2 protein chains.
Amino acid sequence: MHIGLSESDYPEIRNVALFSEVADEQFRRLLRGAYVQNFPPMIELVTEGDQSDFLHIIVSGSVELYSSWNNRETSIATIRPISTFILAATVKDAQYLMSARTLEKSRIILIPSQDVRAVFDEDYHFARAIVTELARCYRSSVKSHKNLKLRTSLERLANYLLRQQTYHNGRSDFDLDLEKKRLASLLGMTPENLSRAFKGLQAYGVLVNGNRISITNSDDLIGFAKPDPLIDDFNT
Amino acid sequence: MHIGLSESDYPEIRNVALFSEVADEQFRRLLRGAYVQNFPPMIELVTEGDQSDFLHIIVSGSVELYSSWNNRETSIATIRPISTFILAATVKDAQYLMSARTLEKSRIILIPSQDVRAVFDEDYHFARAIVTELARCYRSSVKSHKNLKLRTSLERLANYLLRQQTYHNGRSDFDLDLEKKRLASLLGMTPENLSRAFKGLQAYGVLVNGNRISITNSDDLIGFAKPDPLIDDFNT
DNA sequence: CCATTGGCTTGATAAATGTCAAGCGCCCAA
DNA sequence: TTGGGCGCTTGACATTTATCAAGCCAATGG
């Protein structure tokens with residue numbers, strides 16, 4: 001199951017922002033102890049509460065970060081290539097705060113956490129990249145917090161759709177890349193409520209047909225959703 | 001209003017975890033451009049959307065981080081000495097995502113963001129400390145996210161009270177260190193609802209008298225609140 | 001092919017939370 | 001001293017959201 005990385009994988013990993021500036025020697029050291037694995041869908045990669053052994057990098061597929069308490073479960077984020085996840089636990093050498101599972105067949109690189117910390121200590125560019133990535137994750141968590149506390153579920157859905165539309169280059173039609181029940185959990189509501197919320201957005205020109213979304217009147221939807229770069233932009 | 005730092009302030013600042021390991025030369029450089037100011041209560045120190053000019057360190061008093069959207073406002077955290085805030089915007093050279101205001105008369109040190117970034121580039125220990133602090137902030141934001149999505153308002157209040165009790169060394173009586181309306185906002189509810197939530201916790205041995213809280217039966221309250229280190233511990 | 005499963009939707013209902021209005025009590029400044 | 005403002009509480013009510021039960025439909029596997 002565990003397969004060492006081959007040199008042919010290296011260029012791809014170099015493309016991950018975290019590693020693009022690392023000195024060659026340190027880069028090789030990072031990958032020397034690394035594994036790459038292909039996972040089927042719905043495999044639990046990480047369990048909250050466990051000690052952080054590996055930094056994970058998703059190369060293809062998709063991964064859901066989620067968390068449980070008292071028999072309830074909530075989706076916290078979906079991760080798509082190419083990206084790392086659970087970096088904070090790795091740098092702090094602490095317990096995972098979230099669990100992670102594959103949603104589809106996914107290819108994941110695992111780098112031993114201790115190697116990440118060691119290279120952090122030796123390579124300035126890597127340290128800089130880690131700080132940038134951590135700051136990005138932190139800020140994105142704060143945005144998510146604002147989204148949850150300042151908006152109703154209908155507003156969260158409306159803004160989610162607008163973000164998806166942007167992601168699809170502004171097309172008026174696009175497919176949801178997530179099961180609706182997971183989207184509901186991500187947005188902090190029940191699947192039943194999500195169904196009703198989609199109905200509620202018909203009044204603002206949103207048509208739903210299975211996974212297909214059509215936004216017939218962007219201005220109308222924007223008028224309702226009031227998107228805000230300090231909540232909805234992933235890059236600020 | 002702006003007052004340069006004097007050398008007598010240095011030892012105090014050294015105690016901030018972020019600076020404890022910085023080389024002396026870099027430490028002096030950081031503080032050379034810094035200011036210290038005393039602010040009255042309810043002064044807006046930082047406005048969301050503004051560019052990050054200074055890293056803030058609170059030396060005494062208390063500061064509320066909050067955010068607004070569409071005429072709604074929510075409290076996100078309260079910061080107490082000695083601690084920094086809004087570090088992520090500083091290291092990313094980005095816009096503030098939250099506003100900050102003093103709650104009481106507070107003493108704040110302001111270090112130009114560019115100096116922070118410059119010293120980060122030169123001093124390894126400082127870089128390490130920034131990463132640790134960022135990871136801590138990120139993880140605390142994730143905990144807060146879990147708290148909001150996995151728990152009802154009554155459960156959030158119950159766990160808040162248990163955390164406060166721990167902070168007060170487990171005493172059965174202690175004072176809230178926050179106005180109730182701010183606590184309500186922090187916990188994601190209205191002041192009216194907080195009043196009723198306190199009533200609802202009477203059944204688990206919580207007595208409220210003004211700002212005074214008495215927890216007459218910790219086990220009972222713990223049984224209801226089900227505190228979880230992965231949500232409620234600040235140090236993991 | 002059929003039966004089963006799981007995701008999704010819908011309606012009815014319940015629970016949680018918010019809103020509005022009123023009143024109490026405390027603090028502070030005129 | 002007193003009047004107003006503000007924080008807090010309470011009650012009545014509205015809205016939002018969740019829960020439960022049933023049914024539809026598409027995908028899947030025997």
Side-chain angles (χ1 to χ4, degrees), chain A residues 40-42 64 69-75 78 101 103-105 147-161 175-203 206-213 224-225, chain B residues 40-42 64 69-75 78 101 103-105 147-161 175-203 206-213 224-225:
Chain A
M42 298 305 287
E64 177 181 33
W69 177 81
N70 194 26
N71 260 340
R72 299 168 211 169
E73 180 182 310
T74 190
S75 186
T78 35
R101 67 163 81 92
L103 290 179
E104 335 162 36
K105 190 166 166 306
N147 193 35
L148 265 176
K149 279 178 87 180
L150 289 167
R151 290 173 170 162
T152 66
S153 61
L154 202 58
E155 290 165 341
R156 293 197 295 274
L157 175 60
N159 280 291
Y160 177 85
L161 293 178
D175 284 330
L176 293 175
D177 53 7
L178 214 56
E179 281 180 300
K180 285 184 185 169
K181 68 172 183 173
R182 285 179 212 289
L183 175 57
S185 180
L186 194 64
L187 294 176
M189 50 187 174
T190 57
E192 293 97 327
N193 230 320
L194 178 62
S195 262
R196 292 172 187 126
F198 273 124
K199 287 242 160 110
L201 290 183
Q202 281 181 9
V206 175
L207 295 180
V208 184
N209 199 307
N211 269 353
R212 190 94 191 145
I213 305 291
F224 170 73
Chain B
M42 297 306 285
E64 178 182 31
W69 177 81
N70 194 27
N71 260 342
R72 299 168 212 168
E73 181 182 309
T74 190
S75 187
T78 34
R101 68 162 79 94
L103 290 179
E104 339 161 34
K105 190 165 167 308
N147 193 35
L148 265 175
K149 278 178 89 181
L150 290 167
R151 288 174 172 163
T152 66
S153 60
L154 202 59
E155 289 165 342
R156 293 197 294 276
L157 176 60
N159 280 290
Y160 176 85
L161 292 179
D175 284 328
L176 294 174
D177 52 8
L178 214 55
E179 280 179 299
K180 285 184 183 169
K181 67 170 186 177
R182 287 180 208 289
L183 175 58
S185 179
L186 193 65
L187 294 176
M189 50 182 160
T190 56
E192 293 96 326
N193 230 321
L194 178 62
S195 264
R196 292 173 187 125
F198 273 124
K199 286 243 163 109
L201 290 184
Q202 280 180 11
V206 175
L207 296 181
V208 183
N209 199 306
N211 269 353
R212 192 93 193 147
I213 306 291
F224 170 73

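Residue numbers begin at 1 in each chain, while the letters A, B, ... track the order of the sequences. Since the structure is predicted, the reported quantities are computational estimates derived from the model, not experimental observations.
At a threshold of 4.5 Å between non-hydrogen side-chain atoms, the residues A:Leu157 and A:Leu194 count as touching. Between B:Arg156 and B:Leu148 the shortest side-chain heavy-atom distance falls below 4.5 Å. B:Leu176 has its side chain within reach of B:Leu161: a pair of non-hydrogen atoms, C-beta onward, lies under 4.5 Å apart.
Looking at the side chain of B:Lys181, the nearest of the listed nucleotides D:dG7, C:dG7, C:dG18 is D:dG7.
Within the 4.0 Å cut-off from OP1 or OP2 of C:dT10, at least one side-chain nitrogen or oxygen of A:Lys199 is found. Contact annotation: A:Lys180 side-chain N/O to C:dG7 OP1/OP2 distance is not under 4.0 Å. For D:dT17, the OP1/OP2 oxygens have a side-chain nitrogen or oxygen of A:Ser153 closer than 4.0 Å. Between B:Asn193 and C:dT17 there is no side-chain N or O to OP1 or OP2 distance below 4.0 Å.
Per the geometry, CZ belonging to B:Arg72 stands 9 Å off P belonging to C:dT19, to the nearest Å. Separating the CG atom of A:Leu194 from the P atom of C:dC8 is a distance of 9 Å, rounded to the nearest angstrom. Between the P atom of C:dT9 and the CG atom of A:Leu183 lies a distance of 11 Å, rounded to the nearest Å. Spacing between atom CE of B:Met189 and atom C1' of C:dA15 amounts to 16 Å, rounded to whole angstrom units. We find that CG of A:Leu148 is positioned 15 Å from C1' of C:dT17, with the value rounded to whole Å.
Under the rule for a side chain to side chain donor-acceptor pair (under 3.5 Å), B:Asn159 has no partner lying at least two apart in sequence or in another chain.
Residue contacts for A:Glu192: at a heavy-atom cut-off of 4.0 Å it reaches a base atom on one of the strands shown. Among the protein residues, A:Gly188 comes within range of the sugar-phosphate backbone only, with heavy atoms under 4.0 Å from sugar or phosphate atoms but none that close to a base.
Contact annotation: side chain of B:Arg196 to base of D:dG11, donor-acceptor pair present below 3.5 Å.
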